[in-house]
Amino acid sequence: LPLRSTLVVSVGCVNTLQFLHSSVDLTVSVSPGPWGRCMGSECGPGGSQSRAVWCAHSEGWTTLHTNCDQAERPENQQSCFHVCDWHKDLYDWQLGAWNQCVPVSMRSTGVIQRPAVCLHGEEGIQTREVGCVQKADGVPAEDVAICEYFEPKPRLEQACLIPCPRDCVVSQFTPWTSCSKTCGTGLQNRVRFVLAPPMFGGSACPNLTEFQTCQPGPCAGPESLYSLRVGSWGPCSVPLPRTARQAPTLSQGKAVVGYQTREVTFTLIIYSLMTYQACVLTKDCEVSDWTDWSPCSKDCYELNGPMGEHTRTRRVHLLPVGGGAECPELEEKEPCTPQGEGVPPCIVYNWKTTEWTECRVDMLLSQQDRRRGNLTGLCGGGVQNRELYCVQATSVDPASSALKSKEASRPVDGDLCLSPPPNTTQLCHIPCPVECDLSSWSAWGPCTFENCLDTAAKKGFKLRKRRVINEPTGGTGSCPHLVEAIPCDEPSCYDWLLVKLEECIPDNERECGPGTQIPQVQCVNSDGEYVDRQLCRDAILPMPVVCEVPCPKDCVLSPWASWSLCSHTCSGKNTEGRQMRARSVLAYSAGEGGVQCPNSIALQEVRSCNDHPCTVYHWQTGPWGQCIEDTSVPPVNSTAAGARAGVGVRGGDSSCSVGMQTRKVICVRVNVGQVPPKKCPESIRPETVRPCLLPCKRDCSVTSYSDWSACPATCGNTKRKQNRKRIIIQLPANGGQDCPEVLTQERDCEAPSVCLGYRWKTHKWRRCQLVPWSVRQDSPGAVETCGPGLQARAVSCWKQDGGQADMGACLKFASSMPSLTQLCQLPCQDDCQLTAWSKFSSCTQDCVGVKTRKRMLVGKSKKRDQCKNNQVYPLSEIQYCPCNKYNAQPVGNWSDCILPEGGRVEGQLAMKIQGDIKECGQGYRYQAMVCYDQDNRLVETSRCNSHGYIEEACIIPCPSDCKLSEWSNWSRCSKSCGSGVKVRSKWLREKPYNGGRPCPKLDHVNQVYEVVPCLSDCGQYVWVAEPWSVWKVSNVDLKENCGEGVQTRKVRCMQNTMDGPSDSVEDYLCDPEEMPLGARDSQLPCPEDCVLSDWGAWSRCSLCNGEERGLGVSFFTSRFYPVFFFLHADWSTCQLSERAVCGSGIKTRMLDCVRSDGKSVDLKFCEQVKWQMNASCVVECPVNCQLSDWSPWSECTQTCGLAGKLWRRRTMLQVPQGDGRPCPLQREQWKPCPVRPCYQWRYSPWSECKSEGARCGEGLRFRNVSCFVSDGSGQEEGSLVDDEMCGNLEPSVDGAKRLCTVCFYTGDCYLTDWTVWSPCQLSCVSGDDLGFGSVQVRSRAVLAQEPENLLQCPEQEWEARPCTEGQCYEYTWMTGAWRSSSRLVWCQRSDGLNVTGGCPMTAQPVADRSCDPACNKPRSFCTEAGVCGCEERYTEVMTSDGLLDQCTVIPVLEIPTAGDNRADVKTIRAVSPTQPSNSLPGRAGRSWFLQPFGPDGKLKTWVYGVAAGAFVLLVFIVSMTFLAW
């Protein structure tokens, strides 16, 4: 019924909704959910993903799908890109640059709202583009989710700081210059320069120049400032010949000399000035058209591989001359792919690996732990390596054998393999051998025949056994012996076992007196098992035992107790096993006809036991021998053979054969040695032969030789080598063919070295060309055959090894092109002509003699007297021979300590840790040597007979790992019954140093503990009580000998063994609750009383796990019913094998049987439940950091100087894991380069601008170039040396002359020279750097001579550049003293420089304080508020309209001080309030000057306060008076 009513209600709701929907226009729409995870069976675009789609109402609740338009329903499934782990190497996030910082306020309003006062900047936001792309070519990925699968999408926005605007800062103006004219109207100017540029939207720089007109006086005539002005040189042109001439043609690499002219203006004086000069015709570089594109460098097809490229070139037709345009690029490259049909696929190269090496645990051990370094049979976690090489990929048939798949191709260069290389190191695990875990020995069995089926031998043995309680490695065959035997006499296979004795039955059917006890027996075999009674027919049946039932007056004795344990396990000459039992007196005889009690000796019995000799024998087995081939068994498949042989087969081996193993078995007597085999039972002799599996032979497998390496591209006659190698991919095993000894080969390069290079070749200078006569014939003093001119030469491009090359090769690979022209001088008739200087003669010896050079007069100069003047034209020069003395000295720091290369190891000082690639030991460090000559100039180190280094031995300390002691022995279990814990520990022996493996977490005493649960058998310690003593009656009835008495006995705690309690132990090991009583009080029965025996042991309750005990009479009682349950302990730490360092282990936990009262009891009281007591676990292996080999030494960081360094580096191959040795900090090493002198051309400062005697116009600046040598540090000027030292160097700057302007003509408006760079300045706030770097600035101001040309002046200029080591400047407003109603206000920088700009305008102090009307009253002044106020000690008296009427003196209230006897207060009008009043010593007081009005004429606040206080006081007095009435 409830279900039916629920359905009815639901239907009603649906109908109502449909009705509402039909009657009211409600808005519904389709809402899709988020797309789920992309799923698919294959990686790539073939995946699919789904999402939920539902129909939702605008109010948020979900409705039926039919209520929505099905045509608008979106898809709930779509294809997607299924991401796999290996896609991580193909895709990555591409991060764009951060955009400009935008204010946060602009994000919401769209309008920048700058704060009125900016102190530290404005918060902003930067955005950037982030996309998922392919690593190879940057193409966007199919889906952004590919990158999100591996790494979250990087942030698209970040906070930023928009600094406060920084206005331009300029210096103060310089003084006004003198007037530009001596008469008439001129100009004066003053300039200032830029100190800091405007930044972050600050105000632009103001005008750097101010002008004012000046009029020294009226002019008497036209004014002339300068007498001579020269114009700029015109364009260079070539004159046409007198006849019809063709346009001159230019050949490649040649210059054409022409002429150019300039305008010279003479004003007041006549001056002879050259108006023409020779020049070089300017021609731009001319090149040919592009050639066709070359074939694509890639001639194969590859889908995702790199593209090839093709090139096209063009040649130089004409080199640039005369400052013409430089040659454009002569080569273009473009990516390409081969086109057309039949394009073969590209060769693919893949990584291949050798086999993993054997798993080695010793890599995880410290190399300095000698005690563990020599251990064998280590197990657990380890490391194995393999080698990596690149080969050409080939299609391998999957059906081919495993051996063929290992046949490696020829190794090639690793750069051809584009895929990520596989790992070369991995963790591995060697299974730890499981040792045999044996049980305790059982008790000795009965004397039995060796073979009960053959009893004719009459030879018997007593056996005791133990068993294997685990599954050891290699089976139980490697365990110690499990059976021991003792020879014995009278063996039998079956015997009667006495189960119990029945009650004593008196003879002759009497109630008391002598009687017998019938034994109950059972037939058992030698193993104690019950068998048919017929098998014991030959055994002696136990006889009835004589007993006695005491009569009422007889002495009553207790039954005999059980026999004690045998005192010895065997019997010999000096030892004999004995057992004892006792009984006690329960009641004494009445004395009248009763049987008397025996004496104390009769209350004990002793018998012999374990009378067998102490000669124990057992079979002892040796180790199994080598597996040898069994020729009787044909070779079979390895799997089948292994199954029959019971051994495993190594994966990858194709076939094996069955062999056999033998071992030695001997009979051993304990503590004696080997004895004849007949002493041991033959029936239990172990086997001596077993089948085994012969491992298959594996030959060594190597790759083919790789191609010969390329010959080094070096020039000269040095011997060059090339080599090739092959790699071992499979080591031999099981007697297979060994690997070849030679794995690398080397040979000399066959092809001679070819030095590829290009050089410029210069041709002879052509004759000196002058300006044509037609141009200079009108010049005064012009001579056609002499004067300054130009000469040109041709250059060509040649290969270094000979042969002409294209000009483009030299432009690309050679040094800069030599000059094509130079100045020359054609001597005139009156000029002296001399030859060039010869070279200096050689010095025969340093510091002795001189060297000379000469020149000669030529032509008519030999006859001219003025040319023979040796003072003006010397024909020889003499120099002293230099004293070439050199001294060497060390320079710079010592290099890193570097181990010698090539295996140079000094004894045991150096060692290489296997698998770590980290060297230590003795090495060498180097310091550079520098050589100086006698002038302290740097020269080549070879001059000092030095190879450039000082070498010194050094030591790289070897890493020492943390060293702990061995584990201590396990402590005793904390509880003697049930679950407890046991502990063992290690302590610190040596801390790690020099990057050794760190220690595990230690406690405060530098120890590490291991705690595991343990379970103590609750029955291992038991209480053993001796028989009760004789009664000691305390209240004796002499007639009856009965009454109250006491009995005592000894109780000891003993260790329980298989043979019963053995040794006494401390009492605390036994359960005190179970301790038997050591004394008891009782009633000694009197005659005729009932006599009871002692309580028997509690029997097992068959119903409720309770207990019951029987009495000597037919009576029983039951005990309390307890409840038992299990409790389990926590899991222990992961336990490894003793020989394991890490890897797989086992963790354990213990069960505890607990009684309902909380006491731990033996597990047998709890029901057996299946708890998981053991679980597998893993201890992380400590993997040491592994580094690559050192890279080759790099090129020197500097081509010359003292600071050059050579570097080499190594990379991390294996990241340290766990407690592995960390990576060393030194990943790179350096040593100094050989010191080489730094030669450079250095220019002198530019000379003043000279214009050949003209006072104004275009001129030239000159400078000299010289060769200097330095050490490259930049801290010294360097020393001047011969120009020959810089012969191979190109000048660092162009030209030794440049155009300049001597002055500017009247009316010119021009820019000044650039100022020096300003000091480096940081962007700071309150002394804190904002992190925007440093900047410095320089500027150019505008100057003018004529007021009419001010509107035609150029714009002033400034430029800024970044710099380093800037400093922070603070800008502060400074004010001067008020002068009437004004004062000076200026901005000052923190270094004391007065500036314009930099100080915040909002904080600028007031510079003017004019008042209206003026403050003309005595003692009045204009305040900053713009109202009149009075000076100090004067108060304002205001008119009714708020204006100052007068300033009156403030009355002084003198407050008497301590010691002043005057009680009255006098009002004193100060005559001169500005002067200190005279006071007597000891009567100094304090004066308050009360000024009720402020400077604005209004009452001050304190006046209102005093009035309010007085009013309150008046109200209070009136109230009190009223209350008093």
Pairwise salt bridge (charged side-chain N to carboxylate O under 4.0 Å, His left out) hits with a residue in [range], at least two apart:
{"range": "residues 928-942", "result": "D933-R937, D935-R937"}
{"range": "residues 1329-1338", "result": "R1338-E1359"}
{"range": "residues 414-423", "result": "none"}

Okay, side chain of [X], backbone of [Y]: is any donor-acceptor separation there less than 3.5 Å?
{"X": "Q722", "Y": "S709", "result": "yes"}
{"X": "S895", "Y": "P1232", "result": "no"}
{"X": "W351", "Y": "S419", "result": "yes"}
{"X": "R386", "Y": "N423", "result": "yes"}
{"X": "D896", "Y": "W1230", "result": "yes"}
{"X": "Q745", "Y": "R724", "result": "no"}
{"X": "T941", "Y": "G948", "result": "no"}
{"X": "S1334", "Y": "E1365", "result": "no"}
{"X": "Q1229", "Y": "C897", "result": "yes"}

Side-chain donor-acceptor pair present, N385, T425, cut-off under 3.5 Å: yes

Heavy-atom side-chain proximity of [X] to [Y] below 4.5 angstrom:
{"X": "L938", "Y": "Y932", "answer": "yes"}
{"X": "Y1369", "Y": "P1319", "answer": "yes"}
{"X": "M199", "Y": "P163", "answer": "no"}
{"X": "C958", "Y": "N994", "answer": "no"}
{"X": "R1221", "Y": "P959", "answer": "yes"}
{"X": "M1285", "Y": "V1269", "answer": "no"}
{"X": "V130", "Y": "R128", "answer": "yes"}
{"X": "H310", "Y": "S294", "answer": "yes"}

Sequence neighbours excluded, which residues qualify as side-chain hydrogen bond (donor to acceptor under 3.5 Å, both in side chains) partners of [X]?
{"X": "K761", "value": "none"}
{"X": "Y949", "value": "none"}
{"X": "Q158", "value": "Q126, R155"}

List for me each residue that meets side chain to side chain contact (heavy atoms under 4.5 Å, CB included) alongside Q1198, sequence neighbours excluded, and say none if there are none. A1203

If the condition is side chain to side chain contact (heavy atoms under 4.5 Å, CB included), which residues does S1194 pass it with, not counting sequence neighbours? W1207

What's the shortest heavy-atom distance between W1358 and V1337, and which atoms? CE3-CG2, 3.8 Å

Looking only at non-hydrogen atoms, find the nearest pair between V1265 and Y1243 and report the distance. CB-CE2, 3.7 Å

Test side chain to side chain contact (heavy atoms under 4.5 Å, CB included) on W1241 and C1267 and set out the steps. CA-CA 5 Å; W1241 293 109; C1267 183; 4.1 Å; yes

Qualifying residues under salt bridge (charged side-chain N to carboxylate O under 4.0 Å, His left out), relative to [X], sequence neighbours excluded:
{"X": "E151", "result": "none"}
{"X": "E129", "result": "none"}
{"X": "K812", "result": "E331"}
{"X": "E309", "result": "K333"}

Show the numbers, then the answer: is there a side chain to side chain contact (heavy atoms under 4.5 Å, CB included) between I898 and W1193? CA-CA 12 Å; I898 300 169; W1193 288 104; 3.6 Å; yes

Please test L811 against L319 for side chain to side chain contact (heavy atoms under 4.5 Å, CB included), starting from the C-alpha separation and ending with a verdict. CA-CA 10 Å; L811 290 175; L319 290 172; 4.1 Å; yes

Evaluate whether atom CZ of R726 has more than 12 neighbouring non-hydrogen atoms of other residues, nucleotides or ligands under 6.0 angstrom away. yes

Run the numbers on Q889 and V930 for side chain to side chain contact (heavy atoms under 4.5 Å, CB included), then give the verdict. CA-CA 6 Å; Q889 61 187 45; V930 63; 3.6 Å; yes

